[in-house]
Amino acid sequence: MADEFDVEFIRGDDREARILVRGLTPAFANGLRRAMIADVPTLSIDTLRVVENSSVMFDEMIGLRLGLVPLTTPDDFEYGDTVTLSLDVEGPDTAYSGDLESSDPDVKPADEDIPIIQLNENPSGENQRIELEAEAVLDDGKSHAKQSGGVAVGYRHLRKVSVVGDRGEFDEEETNILRGVIETEDGELVPTDEFDHDLTERYPGKELEVEDVPGAFVFHVETDGSMTVEELVLRGIDSIESRADELQEKVAV
Amino acid sequence: MMIPVRCFSCGKVIGEHWEEFEERARDGEEDPAAVLDDLGVDRHCCRRMMVSHRDLVDVVSPYQ
């Protein structure tokens, strides 16, 4: 394996990005992907104390919905640490994730507009109401998918596309679909959606050769909002590193 | 009943886009595919969450 990795940011924002890494083995690339999905802990609501719930949903259904709301997760929490949040909304109104009041200013819903439950007026004339306290706990994606910071994290090989000649005069023009990121002969990196994933759009009338670039992987990283893409990648790497250190310590008697 | 918070398959948070989708594509005249593209709901697993959803809170709430 190479001593140094070459990392290039292709494009993206805080929530979604494409990152090219050179000098990886397939095993290490997959290890990083798995670490980002299952080993980076996030805060999620896990327990409720329901004071009043006269909505159309059962307490458990509300609990599941609240659990799936992503919460911003600073890196100074330990496994099992909890944060208390509260929700108090009276109908006719809709309770949104933004109505959750947190006891820690650094921990708050990453999206404020997720509808939790719509509260109406009952036939008896009373307004439906929800009041509860919730405990968010820090845990990782191995215990529950709601604790996973990464969404649809994956990678593809970087592909090198080179022109080897002209297409035969009487050959049929067929679409040549390729998804991911290609490297042109000039070394330019082009995401395939720029030419509708069809190589014949970019190289009309040419005969092409497409091959994998060894050791180069294009990661597609998307987060649920509990941290930025950059933090997710760094925490994933930290988790691999700390486990490798632990192994080394245990093996060296 | 209510729009699910996340996509069942991939886990992307889609609940926040429902009200805009309903206003523009269900009640409005816009093309649902164009609205979903605009909202950034790209994968077909997330798109089916929005396209196949029906709000039932108003239907069940008289029977409480």
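Each chain gets a letter, A, B and so on, in the order the sequences are listed, and its residues count up from 1.
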Self-check item: Candidate pair A:Asp104 and A:Ser102, rule side-chain hydrogen bond (donor to acceptor under 3.5 Å, both in side chains), full reasoning
Solution: CA-CA 5 Å; A:Asp104 186 329; A:Ser102 171; 5.8 Å; no
Quiz prompt | Centroid separation A:Tyr155 to A:His220 less than 6.0 Å | solution = no
Quiz item: Looking only at side chains, do A:Ser239 and A:Arg243 share a donor and an acceptor under 3.5 Å apart?
Solution: yes
Quiz item: So which bits of residues 64-78 of chain A come within less than 4.5 Å of chain B, counting non-hydrogen atoms only?
Solution: A:Arg65, A:Leu68, A:Val69, A:Pro70
Exercise. Determine, stepwise, if the pair A:Ile130 / A:Asp88 fulfils side-chain contact (heavy atoms from CB on, under 4.5 Å).
Key: CA-CA 6 Å; A:Ile130 186 150; A:Asp88 186 354; over 6 Å; no
Practice problem: Given side-chain hydrogen bond (donor to acceptor under 3.5 Å, both in side chains), test A:Asp198 with A:Thr200 step by step and report yes or no. | Solution: CA-CA 5 Å; A:Asp198 185 0; A:Thr200 52; 2.7 Å; yes
Would you say that [X] contacts [Y] through its side chain, given a criterion of any heavy-atom pair below 4.5 Å between the two side chains?
| X | Y | result |
| --- | --- | --- |
| A:Asp139 | A:Pro41 | no |
| A:Thr223 | A:Val151 | no |
| A:Lys146 | A:Asp46 | yes |

Donor-acceptor contacts, no H, no angles, side chain residues 105-118 of chain A, under 3.5 Å, sequence neighbours left out:
{"residue": "A:Asp111", "atom": "OD1", "partner": "A:Arg15", "partner atom": "NH2", "Å": "3.1"}
{"residue": "A:Gln118", "atom": "NE2", "partner": "A:Asn120", "partner atom": "OD1", "Å": "3.2"}
{"residue": "A:Gln118", "atom": "NE2", "partner": "B:Asp58", "partner atom": "OD1", "Å": "3.1"}

Practice problem: Keeping to residues at least two apart or across chains, list the salt bridge (Lys or Arg N to Asp or Glu O under 4.0 Å) pairs with something in residues 22-33 of chain B. | Solution: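 Checked against salt bridge (Lys or Arg N to Asp or Glu O under 4.0 Å) - neighbours excluded - the pairs reaching residues 22-33 of chain B are B:Glu20-B:Arg24, B:Arg24-B:Glu30, B:Arg24-B:Asp38.
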Quiz item: Which region of A:Glu16, side chain (C-beta onward) or backbone (N, CA, C, O), has a non-hydrogen atom less than 4.5 Å from a non-hydrogen atom of chain B, or is it both or neither?
Solution: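 A:Glu16 has no heavy atom closer than 4.5 Å to chain B.
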Self-check item: Toward chain A: residues of residues 4-15 of chain B with heavy atoms under 4.5 Å
Solution: B:Pro4, B:Val5, B:Arg6, B:Cys10, B:Gly11, B:Lys12, B:Val13, B:Gly15
